[in-house]
Structures are given as C-alpha cells and as structure tokens.
Amino acid sequence: MSNVFVLDHPLIQHKLTYIRNKNTGTKEFRALVDEVSTLMAFEITRDLPLEDKTIETPVMEATTKVISGKKIGLIPILRAGLGMVDGMLKLIPAAKVGHVGLYRDPETLQPVEYYIKLPSDIEERELIVIDPMLATGGSANDAIHSLKKRGATNIKLMCLIAAPEGVEMLRKEHPDVDIYLGALDEKLNEKGYIVPGLGDAGDRLFGTK
Ligand SMILES: O=P(O)(O)OC[C@H]1O[C@H](OP(=O)(O)OP(=O)(O)O)[C@H](O)[C@@H]1O
Ligand SMILES: O=c1cc[nH]c(=O)[nH]1
Ligand SMILES: [Mg+2]
C-alpha cells in the first residue's frame with residue numbers, strides 16, 4: 001500500500017492558510033502556490049540517493065556527497081498543476097517537464113484527457129505528478145494510468161490539498177505511488193469540491209472566474 005505524507009512544516013501550513021483565504025487575489029495566490037511548491041519540493045526530495053565525491057577544498061582533499069545521477073521528471077496536470085512547476089524547478093532545475101492535459105467534466109466529475117507530451121525516457125525517471133487538488137481522485141488516477149501505459153514505473157504524487165475520497169481512490173488504484181500533501185481536508189461537497197479546500201485552483205491561479 002502506498003504511503004501518504006502530510007507535509008506539516010509550519011511554513012507550508014502558514015502559507016496554505018493564505019492560499020485558502022477567499023480574499024487572496026490572483027497575484028498573491030500565484031506567488032504563494034509557487035512558494036509552497038518549493039517548500040514541498042524540499043520535502044519530496046528528501047530520499048534522493050547520494051554518492052561520494054572527492055574534491056579539493058582550499059584546506060585539503062575531502063570526500064563529500066553529491067546526488068547520484070537520479071533523473072527526475074515533473075508532470076503537471078493542466079491547467080492548475082502549471083502553477084507548481086516553477087517553484088519546484090527552483091530546487092531541481094535539471095528536471096524534465098512533461099504535461100498531461102485533463103479537465104474534470106463539471107456534470108459527471110469524470111476526467112477528460114485533451115493533451116499529453118512527455119520526456120522520451122520516462123521509464124528511466126522518477127516522475128513527480130503535480131496538481132494542487134486531489135478531489136475525487138479521477139484526474140490524478142487517469143494521469144498516472146497514462147504514464148504507466150507509456151512505460152513509467154517510478155511515480156510520486158504531490159498535491160497541496162486532498163480529500164479523503166481522492167486519497168482512497170489513488171491508494172486502491174496505484175498502491176505503488178506515494179502521495180505527498182500539504183493538507184488532508186475533511187470531505188467533498190455535492191459539487192465535488194474539497195471542503196474546506198481553496199475553491200477552484202485553476203480559476204484562482206489564472207483569474208478565469
Ligand atoms: O480529483 P478530481 O475530482 O479529478 O479533481 C481534481 C482536478 O480538478 C481540477 O482541475 P480542473 O478540472 O478544474 O481543470 P483546470 O486545472 O484546467 O482548472 C484540479 O486541478 C485537478 O486536476
Ligand atoms: O476543490 C476542488 C476540486 C477540484 N478542483 C479544484 O480546483 N478544487
Ligand atoms: Mg479548475
């Protein structure tokens with residue numbers, strides 16, 4: 001069964017409060033999502049493997065550590081996942097970025113895929129699927145199935161806020177995918193929105209409402 005990590009660092013929790021606040025406007029919302037994504041990237045990369053490297057400091061030769069050539073791919077789910085990309089690239093600037101375009105049909109709540117473009121070597125990479133919201137779980141589930149169908153074997157999922165329903169679906173469908181969250185909220189409402197949540201992440205990021 002996959003692990004679920006709620007990243008309860010005080011800076012992440014503090015910024016999430018401002019992200020959730022309905023009075024936070026587009027400019028500030030975007031900046032906060034960017035900052036939280038950087039902080040979450042710090043936590044999600046905690047298990048990157050290290051190897052020894054021998055260097056000369058100004059004082060003496062020393063054997064110290066560097067990250068051992070692990071290749072990472074970031075996979076934002078469009079649109080809202082785009083808001084998390086730059087913040088993560090600040091810490092892992094060499095990551096390749098693949099895009100999965102999905103929207104959730106407002107009536108059926110089923111995901112509809114409209115675009116996919118991935119790095120050619122996804123089977124060799126650790127992929128981090130990013131989306132601010134994990135609600136019913138349909139979109140992340142679909143995106144991860146698409147990645148696996150194309151050869152991905154090593155996948156993590158990172159979201160700002162999740163509902164228990166989405167976590168349950170992901171753990172059932174993808175027991176090999178660990179889930180990293182800023183917060184695990186109470187439930188979904190009758191329209192499939194996370195409660196208390198933050199509203200529509202894409203609309204708040206791009207100012208489309
Ligand atoms: O877990 P689910 O029930 O599938 O819901 C979550 C999805 O809904 C939102 O995207 P949306 O469909 O609003 O598209 P957008 O990012 O283009 O706004 C969100 O960014 C997730 O991708
Ligand atoms: O609460 C929710 C649920 C789905 N998508 C969002 O943007 N917000
Ligand atoms: Mg949206």
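Atoms within each ligand, like the ligands themselves, are counted from 1 in listed order. Residue numbers run from 1 in the order of the sequence given. Excluded from the calculations below are hydrogen atoms, water molecules and symmetry mates; all remaining heavy atoms, backbone and side chain alike, are included.
- Salt bridge Glu51/Lys65: absent, no basic N to carboxylate O contact under 4.0 Å.
- Ligand 1 has no N or O atom lying under 3.5 Å from any N or O atom of Met133, backbone or side chain.
- Hydrophobic cluster of Leu91: the remaining members, joined at side-chain heavy-atom separations below 4.5 Å, are Phe42, listed by chain and number.
- An N or O contact shorter than 3.5 Å links Ala135 to ligand 1 by distance.
- Among protein heavy atoms, the minimum distance from atom 13 (O) of ligand 1 is reached at Asp200 OD2, 3.9 Å.
- Judged by distance alone, with hydrogens and angles left aside, the side-chain atoms of Asp185 form a donor-acceptor pair with the main-chain N or O of Gly197 at under 3.5 Å.
- Contacts of Leu78 with ligand 1, taken as heavy-atom pairs under 4.0 Å, involve the backbone alone.
- Asp178 places no side-chain N or O within donor-acceptor distance of the main-chain N or O of Ser2, the cut-off being under 3.5 Å.
- Around the Mg ion (ligand 3), protein N, O or S atoms at less than 2.8 Å comprise Asp200 OD1.
- Heavy-atom proximity to Arg104, at under 4.0 Å, picks out these atoms of ligand 1: 2 (P), 3 (O), 4 (O), 5 (O), 12 (O).
- With a 4.5 Å cut-off on side-chain heavy atoms, Asp200 and Lys209 do not count as touching.
- Residue-ligand proximity, Gly202 to ligand 1, at heavy-atom distances under 4.0 Å covers atoms 18 (O).
- In this structure the side chain of Ile77 never reaches within 4.5 angstrom of the side chain of His99, judged on heavy atoms.
- In this structure, Arg204 and Leu198 have side chains that are in contact, with non-hydrogen atoms separated by less than 4.5 Å.
- Residue Ala80 has at least one nitrogen or oxygen atom sitting less than 3.5 Å from a nitrogen or oxygen atom of ligand 1, judged on distance alone.
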For ligand 2, find each of its N or O atoms that sits under 3.5 Å from a protein N or O atom, and tabulate the pairs with distances to one decimal place.
| from | atom 1 | to | atom 2 | distance (Å) |
| --- | --- | --- | --- | --- |
| ligand 2 | 1 (O) | Ile194 | N | 2.8 |
| ligand 2 | 7 (O) | Ala201 | N | 2.8 |
| ligand 2 | 8 (N) | Gly199 | O | 2.8 |

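- Proximity of Gly137 to ligand 1 is established by a heavy-atom distance of less than 4.0 Å.
- With hydrogens left out, the protein atom closest to atom 21 (C) of ligand 1 is Asp131 OD2, 3.0 Å, a heavy atom.
- In the vicinity of Tyr103, heavy-atom distances shorter than 4.0 Å reach the ligand 1 atoms 12 (O).
- Judged purely by atom type and a 3.5 angstrom limit, Thr24 has no side-chain atom pairing as donor or acceptor with the backbone of Arg20.
- The parts of Thr136 lying near ligand 1 are both backbone and side chain, judged by heavy-atom distances below 4.0 Å.
- Nearest non-hydrogen protein atom to atom 7 (C) of ligand 1 is Ser139 OG, 3.6 Å.
- Here Lys53 pairs with nothing under the salt bridge (charged side-chain N to carboxylate O under 4.0 Å, His left out) rule; sequence neighbours left out.
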